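Shown next, in structure tokens, is the structure this report addresses.
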Amino acid sequence: MVHRAGGDLDQAIQELEHVVDLDRQVDHPGLDADTAVLEQLRRQRAEDQEST
């Protein structure tokens, strides 16, 4: 989330994709929450790209 706070959505998304992948591998209970945050960041990036 440090990258997100710094405005680097691409890096934040990349790292969260890795987290979600690891969550899936170990059946982590936070998978749904991490996936939801990832989707939110992807939507935010898309909206930011549309506005530029």
Side-chain angles (χ1 to χ4, degrees):
M1 294 298 93
V2 171
H3 296 293
R4 180 182 185 185
D8 190 353
L9 289 180
D10 290 333
Q11 185 65 35
I13 289 168
Q14 183 179 0
E15 291 190 14
L16 199 49
E17 286 172 339
H18 184 69
V19 168
V20 167
D21 185 46
L22 292 173
D23 284 355
R24 284 190 183 111
Q25 290 177 32
V26 299
D27 198 27
H28 192 275
L31 174 61
D32 290 340
D34 289 340
T35 301
V37 172
L38 176 59
E39 292 305 316
Q40 179 186 18
L41 289 177
R42 287 176 173 163
R43 282 191 302 273
Q44 183 179 350
R45 181 178 61 184
E47 290 170 3
D48 289 353
Q49 289 174 344
E50 289 175 3
S51 66
T52 57

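Everything quoted here is computed from the prediction, not taken from an experiment.
Expressed to the nearest 0.5 Å, how far CD of Gln40 lies from OG1 of Thr35 amounts to 12.5 Å.
Between Leu16 and Leu41, the closest heavy-atom pair is CD2-CD1, 3.9 Å.
Remark: Asp48 pairs with Leu9, Gln44 by the side chain to side chain contact (heavy atoms under 4.5 Å, CB included) rule, at least two apart or across chains. Residues passing the side chain to side chain contact (heavy atoms under 4.5 Å, CB included) test with Asp10, sequence neighbours excluded: Asp8, Arg45.
Sorted by first and then second residue, the side chain to side chain donor-acceptor pair (under 3.5 Å) pairs involving residues 17-29 (not counting sequence neighbours) are Glu17-Arg42, Asp21-Gln25.
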